[in-house]
Amino acid sequence: MAHSKSRAADGKITYPPGVKEISSNISKEEMVRRLKMVVKTFMDMDQDSEEEKELYLNLALHLASDFFLKHPDKDVRLLVACCLADIFRIYAPEAPYTSPDKLKDIFMFITRQLKGLEDTKSAQFNRYFYLLENIAWVKSYNICFELEDSNEIFTQLYRTLFQVINNGHNQKVHMHMVDLMSSIVCEGDSVSQELLDTVLVNLVPAHKNLNKQAYDLAKALLKRTAQAIEPYITNFFNLVLMLGKTSVSDLSEHVFDLILELYNIDSHLLLSVLPQLEFKLKSNDNDERLQVVKLLAKMFGAKDSELAAQNKPLWQCYLGRFNDIHVPIRLECVKFASHCLMNHPDLAKDLTEFLKVRSHDPEEAIRHDVIVSIVTAAKKDLTLVNDALLNFVKERTLDKRWRVRKEAMMGLAQIYKKYSLQGEGGKEAANQISWIKDKLLHIYYQNSIDDRLLVERIFAQYMVPHNLETTERMKCLYYLYATLDTNAVKALNEMWKCQNMLRHHVKDLLDLVKQPKSDAGSKAVFAKVMVITRNLPDPGKAQDFVKKLAQVLDDDERIRNQLETLVSPACSCKQAQVCVRDITKKLGSPKQPSNPFLEMVKFLLERIAPVHIDTESISALVKQVNKSIDGTAEDDEEGVPTEQAIRAGLELLKVLSFTHPVSFHSAETFESLLGCLKMDDEKVAEAALQIFKNTGSKMEESFPHIKSVLLPVLQTKAKRGPPRQAKYAIHCIHAMFTHRDTHFAQIFEPLHKGLDLEDLDQLITPLTTLGHLALLAPEQFAAPLKSLVANFIVKDLLMSDRIPGKKTTKLWVPDDEVSSETLAKIQGIKLMVRWLLGVKNTLSKSGNSTLRMLTAILHSDGDLTEQGKMGKPDMSRLRLAAACALLKLAQEPCYHEIITLEQYQLCALVINDECYQVRQGFAQKLHKGLCRLRLPLEYLAVFALCAKDPVKERRAHARQCLVKNITIRREYLKQHAAVSEKLFSLLPEYVVPYAIHLLVHDPDYIKVQDIEQLKDIKESLWFILEIIMSKNENNSHAFIRKMVENIKQTKDAQAPTDAKINEKLYTVCDVAMNIIVSKSTTYSLESPKDPVLPTRYFTKPDKPKAANVLGTVNKPLASAGKPIQSKASRMETASNEDSTSNPSSPQRTKTRHDSAEDHSENEDIMKKGDPSDTKDSDKPRGRKRGAASSNLDDNPSPKPKRGRKKAAAVDPEDQWGEESRLGDAQTEDEQNSPPKKGRRGRSTKAAAANQETPAKGRGRGRKKATPPPEEEDEGGEEEEEEEEEEEENMELKTKVGRPARAARRSTQSCESAESTPVKKRGRPAKAAAQPTKKQPARGRGKAAAAAPPAAKEESDEMETPAEEEEEEQEEVEKEEEQTTPKGRRKTGGRKR
């Protein structure tokens, strides 16, 4: 040993046996050979060989010389590094090198050699691996802890290892690297920021994506050293987040990315950092808050994250950011919600309230993303979202922005298809979202064409997918229809009707295009283009595209033929798909991927293509109904009772029989319907009868064997069936058989002879049948019908009370509690009206007598005999029947012109009847007649009286009716410029004179200057003026002002010499003027035209105008290309002013109009305390019985009063006996004198308690064809079918849909009215009113009472789908608004 020490001290290098001196004098190859032997020697040595360690000490020192450390050859350097690694292993724990500089040089040298690990294909890779393994196992780098430059050494080592790691390395390389680096962290005294950055930089997303292996290495290192490195990580984030010292590291800008990565690696690394994030969430810097929100969204939303449970304060603080003032932050929170719902369903409860608020966020993008988040989670698993979250999506289907509505609708459709149609979640999931189908169809009531088009697309793709096989598709439709609610069914029916209407429009366009070119033809094509345009999105742009399509159809015969096939009634679903594909392919262009014209054509084809219904489909649907009848269907599995399924199936077939009648022409279908006629279910039989009526026009020719079986069934139904079935049976015979007169006679004779008042229960069906026979064949049974009406109906039925009514305080009872006598009387009234509608103007005396009879019923509160035998509910029924009968007659010009002003006023007062159901039923009938432009304009003024209704819902309903009617009339005027010369019957502003007239003659208006009564007058005027004045188109406010001023220059035509009546007239005008002045800023401008006043209501002005243009006003009304029709006189009134008075005349109106309804309200109207609102809240205001008798003594022409004084019974001989001695002596005074009293009864609390939310009327209907000449008398046939169901279903039911807005009621003080001078109006003071002769009825001639031509044809076309349908509206109304294709073609031809 002493010998070896002396050798070391001598500095002599001892080489292993066989190894010669290694110096610069030998070649590289020889040096490598000798070094390999040295490496082998050191490799075999262990730490216990002290002698060898001493022997080779100088060699170890020699190998660390600069000669070797800086040798240019990499093989030499590698072998030297391996030797040095072994030397550190052998001499551990004390290294043979004592100089710090030398140690630094050696470890930097070894680190550089580790770069050789990068090339795993290298021949020397194993030596590099040995080097790594050796220094990792020995932890050689721990020697550097004592060096001042240790940080530099460690940092370089870390960088080198992160650089060389790659996917070619095996798990051992990875493990040794982690071992080497973790020992430095775990056993060192500290971790420098530079060294920490070297590790963390690999977690930054940019680096992570570049070198995934380096990220995995850093991740493994951090997991291994989590406890040791956590304080240094915490310190780093403290400096950056809390102290803002971003200069401490280049990674400061990536701090939030690092937090996320570190949390995903090991949440313990951030135990002290997360509370700092809560502080940052409350930062004043928007961008900083946004970054923290994005970070926490990922942390909370991660699949296995438990952060929300572990750190509840941070979670609550994060939820608070849902209400952040900064929009991007709220948006980020909302986007996070879907991940959170999917990965952490337990947090849904916490999120629900915040998502509810955000679903009403003012920012469209946020509302949109709320929908996306909820729908995304629901599509993954319905159990992830609760009902409240789905309701948020439901609410957003009515959002004001189309993008949000579309997302909500499409989201619900996708959810419905997945869980209901495909049944992925089982029955429980299907039940949870069963409301979706109804809600989606309810959206069809919206005014926007985009909404309706999307509903149609959703129906075809998600609710009843058109690509299903026919049988499966019809089964899907069958059970869908059976489970829809009432309003959804009506919406679906409306959808098919609108599609069918558009199909007919396109067919008309094709017919026009094929005609020879002419100016008239071009105008007709343009008119049809405009009609089609209104059924497409963005009508402004669509107009140009439809014009282009018309040109393409003219030029390209192939496309024209394809489109003709598509719109033909016989087109099958498969043919339709082929046609659509061929047309779009022909019109498309590969060079133009975005083609707006092609998109518009696709929209059009999508609406008109029969993708669901064809002959095969109807046959499959009938078979499905038969399965339910036979009990072999899967009704129970679908959750539908069999009886309900059968009824719904027949209803569905009935609706389809309107739109696709040709598809029913098969023996199998008709035979199945025959079987339905024999079923006990009345609704099923009714539907089958209606289907036969709609589809059986060619039955005699094509299916004689069906006819021979069907006819006896129809005759039996007409004689002894239920009333509704009897009605439909008569209409079936009329529509299907050529020898109808013979069949009618076989029915009429036995029924006529068998009428028996002793058996009232069996009297209702015969009266119904006879009434419809009177309507359809008035000439055939003229004589017996006249006798029947005069003797049996009036004298025996209406003028006698056989059964005492039940004594009850109720004003209304359910249908099944109404006495048979009352039902028979109602049918008798209807029979009279149908008879008059059938004979039209041939029996004017009978018309007068009937009108007097009806007004006598109203006059006597429904108790015509006034014997007190009738119960109040029966009287209410008869009042309603009489009032509706008056409205029905008023729709015919020949009867409208003989209705006196007193009768008109008495009829109007029914809208203030004491019984809620009477008011409701009358308002619905009134609204229907006005919507179709069949009732004259003066009847629109009746709604002004609704301002006094004590029930909020009734006022709201009346307001909706006014809005819709006014909108319909304005749209009609915009779309039919040719009718502008008949504005007096159409322009909504012209309702003001009629409203003033009604209010002047209102029995509640007794004292001229009474403040409370004037408040009521003001309220009623504002009720109607608010809607009319909501749009000041073409300075209409000045026009209304001028009209009121002109009225003040006239007298009341009903009592021109009555000073008090005229004083009331001027006072009401002053109130109206006060409203106009206070609510308008443009009233003082020049009126665009001089208004026209109806001469029947007002005398000529004191200062006559220069031009009397009565002739102009009474011009026949006609639209371009249409002949003048007899019904055109329906809505005209004689006038005393310029007939061209139109504030929105064609010269002032643009040619292209939007069709959106106006629902604006005057926001200035504030509700103030009105004593009458509280004092008489449970009864119609001002209904004081017998109050005005003394005031009327001076008036020889008394108005209807609301007293209870009984009128004398009407003698039927005086009314009906044509041969009676008094027949011709009937005076004009008697004809025109008013009834003794009228009544708007007291509305009881009970009657007002159970009210339903009113809804708007029907939506846009299909254009109605005018009956051909031989069917002229059938004009009123279909109108009759609306009556029964309303009266049968007058029970109040809870409606589905949005509650109607209550009408705003202005109760502003009447100080101006109070101070208005009424005695000095520029006219001399009158002496006491002299008794005047009775004013003859100012009846109007046919031309003077003209209604718009084609009002019947066009009115339904103008109606837009309302927000909510009337619950009592019967299903047969659809018949009125639809015609067979044959009728359509006639309409189109007429337009040509």
Side-chain angles (χ1 to χ4, degrees), residues 437 441 444 452-453 455-482 484 488-507 563-580 604-626 648-666 668-670 672-673 687-688 690-697 1262 1371 1374-1375 1377-1382 1384:
K437 60 185 184 298
L441 287 171
Y444 206 75
R452 297 202 294 276
L453 286 175
V455 172
E456 292 179 9
R457 180 176 294 175
I458 285 172
F459 181 81
Q461 295 180 0
Y462 296 95
M463 299 177 76
V464 184
H466 62 82
N467 51 8
L468 292 177
E469 187 268 332
T470 302
T471 304
E472 191 63 28
R473 186 173 70 242
M474 287 300 102
K475 179 182 176 183
C476 179
L477 177 60
Y478 178 69
Y479 288 113
L480 172 72
Y481 201 85
L484 291 174
V489 167
K490 290 179 180 179
L492 182 55
N493 298 344
E494 181 75 16
M495 184 181 80
W496 281 326
K497 187 173 69 176
C498 290
Q499 290 174 338
N500 190 54
M501 177 188 70
L502 184 58
R503 202 174 294 128
H504 281 281
H505 287 321
V506 174
K507 190 175 186 307
L563 195 57
E564 284 181 338
T565 303
L566 187 65
V567 298
S568 68
C571 180
S572 69
C573 298
K574 293 179 181 177
Q575 279 181 306
Q577 293 178 354
V578 173
C579 291
V580 170
L604 180 61
L605 297 179
E606 193 175 297
R607 294 203 74 186
I608 65 175
V611 294
H612 284 112
I613 306 300
D614 56 10
T615 303
E616 183 183 357
S617 300
I618 294 296
S619 178
L621 188 56
V622 170
K623 288 178 182 176
Q624 186 66 45
V625 175
N626 288 336
L650 267 294
E651 287 296 319
L652 174 58
L653 286 169
K654 182 183 76 175
V655 173
L656 295 175
S657 70
F658 292 118
T659 55
H660 302 79
V662 176
S663 300
F664 284 78
H665 290 175
S666 71
E668 183 182 18
T669 299
F670 284 137
S672 298
L673 292 173
Q690 288 175 281
I691 295 170
F692 272 119
K693 175 197 166 189
N694 296 331
T695 62
S697 56
R1262 199 179 69 174
E1371 77 280 4
K1374 304 177 199 111
E1375 295 181 50
E1377 298 182 6
Q1378 303 189 50
T1379 56
T1380 62
K1382 178 179 178 182
R1384 280 283 179 185

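Judged as a side chain to side chain donor-acceptor pair (under 3.5 Å), and not counting sequence neighbours, the contacts of Glu668 are Ser619. Contacts of Glu606 classified as salt bridge (charged side-chain N to carboxylate O under 4.0 Å, His left out), with partners at least two apart in sequence or in another chain: Arg457. Partners of Arg473 according to the salt bridge (charged side-chain N to carboxylate O under 4.0 Å, His left out) rule, which considers only residues two or more places apart in sequence or in another chain, do not exist here.
Side-chain N or O atoms of Gln575 include one that pairs as donor or acceptor with a backbone N or O of Ser572 at under 3.5 Å. For His665 (side chain) and Thr695 (main-chain N/O), a donor-acceptor pair under 3.5 Å exists by modelled atom type. Under a 3.5 Å cut-off, the side chain of Asn500 and the backbone N or O of Trp496 do not form any donor-acceptor pair.
The CD atom of Glu456 sits 8.5 Å away from atom CG of Leu502, with the distance rounded to the nearest 0.5 Å. One distance of note links CG of Leu656 with CD1 of Ile691; it measures 8.5 Å at 0.5 Å rounding. Separation of atoms OG1 (Thr659) and CG (Asn694) is listed at 9.5 Å; rounding is to 0.5 Å. To the nearest 0.5 Å, atom SG of residue Cys476 and atom CG of residue Leu468 are 6.5 Å apart. In this structure, NZ in Lys507 is found 8.5 Å from OG in Ser568, a value given to the nearest 0.5 Å. Considering OG1 of Thr470 and CG of Leu621, their distance stands at 11.5 Å, rounded to 0.5 Å.
By the 4.5 Å heavy-atom criterion applied to side chains, His612 and Leu477 are not counted as neighbours. A heavy-atom distance below 4.5 Å is found between the side chains of Cys498 and Arg607. A heavy-atom distance below 4.5 Å is found between the side chains of Leu480 and Met463. Within the 4.5 Å cutoff, no side-chain heavy atoms of Tyr444 are placed close to those of Leu492. Within the 4.5 Å cutoff, side-chain heavy atoms of Thr615 are placed close to those of Ser663.
Ala482 approaches Ala648 most closely through the heavy-atom pair CA-CB, 3.4 Å.
Ion pairing of Glu651 with Lys654 is present here, as a side-chain N (NZ or NE/NH1/NH2) and a carboxylate O approach within less than 4.0 Å.
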| message | Apply side-chain contact (heavy atoms from CB on, under 4.5 Å) to residues Leu441 and Val489 and explain how you reach the verdict. | response | CA-CA 8 Å; Leu441 287 171; Val489 167; over 6 Å; no

| request: Verify side chain to side chain donor-acceptor pair (under 3.5 Å) between Tyr481 and Asn493, making sure each step is shown before the conclusion. | output: CA-CA 10 Å; Tyr481 201 85; Asn493 298 344; 3.0 Å; yes

